[in-house]
Amino acid sequence: MFWDIFCRVIDNHGDAGVCWRVAAELGARGERVRLWMDDPSPLRWMAPQGAPGVAVVPWTEPAPDLEPGEVVVEAFGCDPPDAFVARMAAAPRRPAWLNLEYLSAEAYVERSHGLPSPVMHGPAQGFTKHFFYPGFTARTGGLLREQDLAARRAGFDRTAWLRRHGIADDGAQVLSLFCYEPPALPQLLQQLAGGSRTTHLLVTAGRAAAAVRAVGGRSGGRLQLHELPLLSQREYDHLLWSCDLNFVRGEDSFVRGLLAGVPSVWQIYPQQDEAHHAKLDAFLRWLQPPADLRAFFLAWNGVTGEPLPALDVPAWAPAARRALDQAQALPELATELLRFAAGRARI
Ligand code: TRH
C-alpha cells in the first residue's frame, strides 16, 4: 500500500523518532511511505542512511499538493492539512485514516484501541478515523520490533563498539544516561563516584549532557563520565546493547531499553497535573520490578522525595530478561498496523 504519515515535531526527539521508525519498518516490509514532517532536521542524525521505500516530505505551509495514498496516518492527533484532507474526500476510493497514539500501559488503551472516531466537520465530514494504540497487552497494537532486530543483535560486538567510543571493556560497569533534568541526578553521580566498582557513565548528547553539566557532574572517584555525540537510532540501539543498565526517557528509547533485555530506569515525559504518575504506575504494574528497582523509578521521577536506593544491576537483571520475553510475546506494531490498515482500506 501507499502510506502518508503525518508528524509534527512538538519538542524533544520522540515524535520524529517514533514516526521514522514506523515509516522505515513499513518500508522494510515492501510498503511505500511518504513521511510528512514539519521539521525533518532530526533525521539528519537519527537516520542519515534513509530507508528503502520511505520519502520524506517537508510539511510546509502551504503543504505540497499531493494525491493521497491508500492509508493516512496522523501521529499523535496532528491533523493533516485541510487541502490534503479535501483531496482524501475527493478520492475515488477513501483512504484508511488512522490516528497513531502514544504508548501507555494504562487500562484505557485496550478499551480505545481500534475505536472509530467520526469526522464531524471540514472537507472530510462523514469520514471515520480509527485510533491505533501501541501497548502492552494482546488487545493493543503492541510494540514495534524490526524484522532484522534479532539478527542485528546476534552479530553485535559490544567490546568493539565500546572501544570505538574510547571505552575499554575492562570489567567496570557501563551505564548510559538519556534523561531530562531528574532531580535525583546529583545523588546518582555521587552514588556512582563513591561506589565499590568503577562505572563508565555514557552521557547522551543534548539535554542529558546539559543536565550533567548543570549539576557540576565530572569524573572522579569510581565514576568515569563520557559524553557521546548524537547517535543514529541504530547506533543508539548499539549503545543500549553495550550497557549493563540504561537510563531512558520518553517513549521510544523506553521501548528500545526494554528490547535490549538489560535493566533500564525510565524517566517518563512529565505532563501537566502529574498525569504521568498514573502512566508510570501502570507500567510498573506490567513490569513487576523488585521493590528497590520500583523505589528507584519513583525517586528518579520525583514521585517520592525518598533518596535513590543503591543501583543493583545484577539483582535487577532477571526482571529485565522477563520483561524482554513479555515484550517479545506482544503483538508487533508494524504487523498490526498493516493488518488494521488493510482491513480499513477495503471499506
Ligand atoms: O526525546 P524524547 O524525550 O521524546 C519525547 C517523548 O516521546 C514524549 O512522549 C513526547 O510526548 C515528547 O517527546 C514530545 O524521548 P524518546 O521518545 O525516547 O525519543 C528519543 C528518540 O531519539 C528515540 O527515537 C531514540 C532517538 N535517539 C537517537 O536516535 N540518538 C541518540 O543519540 C539519542 C540519545 C536518542
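In listed order, ligands and their atoms are each counted from 1. Every heavy atom of this structure was used, including side-chain atoms; hydrogens, water molecules and symmetry mates were not. Each residue takes its place number in the sequence, starting with 1.
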Flag this pair as yes if the NZ/CZ of Arg158 is under 6.0 angstrom from the six-membered ring centre of Trp241 and inside a 45 degree cone about the axis; otherwise no.
->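 Output no; distance or angle outside limits.
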
Could you find the nearest protein heavy atom to [atom] and give me its residue, atom name and distance?
atom                    : answer
atom 26 (C) of ligand 1 : Met46 CE, 4.2 Å
atom 32 (O) of ligand 1 : Leu231 N, 3.0 Å
atom 2 (P) of ligand 1  : Arg249 NE, 3.4 Å
atom 35 (C) of ligand 1 : Phe178 CZ, 4.0 Å
atom 21 (C) of ligand 1 : His13 CB, 3.7 Å
atom 24 (O) of ligand 1 : Asp252 OD2, 2.6 Å
atom 8 (C) of ligand 1  : Tyr269 CG, 3.6 Å
atom 3 (O) of ligand 1  : Tyr180 OH, 2.5 Å

Could you check whether any side-chain N or O of [X] sits under 3.5 Å from a backbone N or O of [Y], counting only pairs where one atom can act as donor and the other as acceptor?
X      : Y      : value
Glu101 : Tyr133 : no
Gln267 : Cys179 : no
Asp252 : Gly14  : no
Thr60  : Pro62  : yes

[X] versus ligand 1: do any nitrogen or oxygen atoms come within less than 3.5 Å of each other?
X      : answer
Tyr236 : no
Gly14  : yes
Thr204 : no

Name the orientation class of the two ring planes belonging to Phe297 and Phe283 (parallel below 30°, tilted from 30 to 60°, perpendicular beyond 60°).
->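 Answer is tilted, since the angle falls between 30° and 60°.
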
Just say parallel, tilted or perpendicular for the rings of Tyr102 and Phe76, cut-offs at 30° and 60°.
->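 Plane angle under 30°, so parallel.
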
[X], [atom1]: over 12 other non-hydrogen atoms inside 6.0 angstrom:
X      : atom1 : value
Arg218 : CZ    : no
Arg139 : CZ    : no
Glu332 : CD    : yes

State which residue, out of Thr204, Val212, Asn246, fulfils the side-chain contact (heavy atoms from CB on, under 4.5 Å) condition with Leu177.
->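 Only match with Leu177 under side-chain contact (heavy atoms from CB on, under 4.5 Å): Val212.
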
Hey, does Phe76 sit under 4.0 Å from ligand 1 if you only count heavy atoms?
->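 Per 4.0 Å heavy-atom rule, Phe76 does not contact ligand 1.
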
Does ligand 1 have any atom sitting under 4.0 Å from a heavy atom of Trp20?
->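 Per 4.0 Å heavy-atom rule, Trp20 does not contact ligand 1.
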
Among Arg153, Arg234, Arg256, salt bridge (Lys or Arg N to Asp or Glu O under 4.0 Å) partner for Glu146 |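 Filter result, single survivor: Arg256.
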
Within a distance under 4.0 Å of any heavy atom of [X], pick out the atoms of ligand 1 and give their elements.
X      : value
Ser232 : 29 (O)
Trp45  : 28 (C), 29 (O), 30 (N)
Asp15  : 14 (C)
Gly17  : 24 (O)
Ser253 : 16 (P), 18 (O)
Tyr102 : 11 (O)

Proximity winner for atom 14 (C) of ligand 1, if only heavy atoms of Asp11, Leu177, Leu103, Val248 are counted |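 When every heavy atom of Asp11, Leu177, Leu103, Val248 is considered, Asp11 comes closest to atom 14 (C) of ligand 1.
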
